[in-house]
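What follows is a single structure, written as structure tokens, with notes after it.
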Amino acid sequence: MAAKRFRLTATVSTENPAAVRSTLKELIGKRGTVLEVAEEEIAHGGKGEFRVQAEMVGETSKELNRSLLSALRKAEKRTRLRAAWSS
């Protein structure tokens with residue numbers, strides 16, 4: 001299967017923003033943006049939330065989503081990813 005280009009729009013919630021911030025910057029790099037949401041603006045009352053927009057290349061969006069979530073959970077187990085992928 002040929003690699004395709006996908007556009008990611010996601011919200012990442014975590015209990016350890018410092019660990020997840022560095023992981024996101026490594027994964028996303030110059031392919032997109034990672035914006036940290038101010039703590040008082042987080043609706044669910046968590047400690048950290050990030051808004052991510054990026055372009056990534058892979059065979060399927062499911063494979064990209066799985067690898068992104070796995071990498072984030074290696075940094076912090078209690079991390080949630082709400083993502084929308086478009087090609």
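Hydrogens, waters and symmetry mates play no part in the numbers below; they use all other heavy atoms, side chains included.
Pairs passing the salt bridge (Lys or Arg N to Asp or Glu O under 4.0 Å) check and including a residue from residues 17-28, sequence neighbours excluded, read R21-E36.
A search for side chain to side chain donor-acceptor pair (under 3.5 Å) contacts involving S61 returns nothing, not counting sequence neighbours. Here Q53 pairs with nothing under the side chain to side chain donor-acceptor pair (under 3.5 Å) rule; sequence neighbours left out. Applying the side-chain contact (heavy atoms from CB on, under 4.5 Å) test to K62 and every residue at least two apart in sequence or in another chain returns T60, R66. For the side-chain contact (heavy atoms from CB on, under 4.5 Å) test, no residue two or more places apart in sequence or in another chain qualifies with A84.
Note that CZ of R31 and CZ of R7 are 12.5 Å apart. Values are rounded to the nearest 0.5 Å.
Closest non-hydrogen pair, T23 versus A71, comes out as CG2-O, 3.8 Å. Minimum interatomic distance between R82 and S13 (heavy atoms only, all atoms of both residues): NH2-OG, 3.0 Å. The shortest heavy-atom contact between T14 and E76 is OG1-CG, 3.2 Å. The shortest heavy-atom contact between R51 and E49 is NH2-OE2, 2.9 Å.
When the shell of 6.0 Å around CZ of R78 is examined, it contains 12 or fewer heavy atoms from other residues, nucleotides or ligands.
F6 shares a hydrophobic cluster with L8, V12, V20, L24, L27, I28, V34, F50, V52, M56, L64, L68, L69, L72, L81, W85; the chain of contacts runs through ILVMFWY side chains whose heavy atoms sit under 4.5 Å apart.
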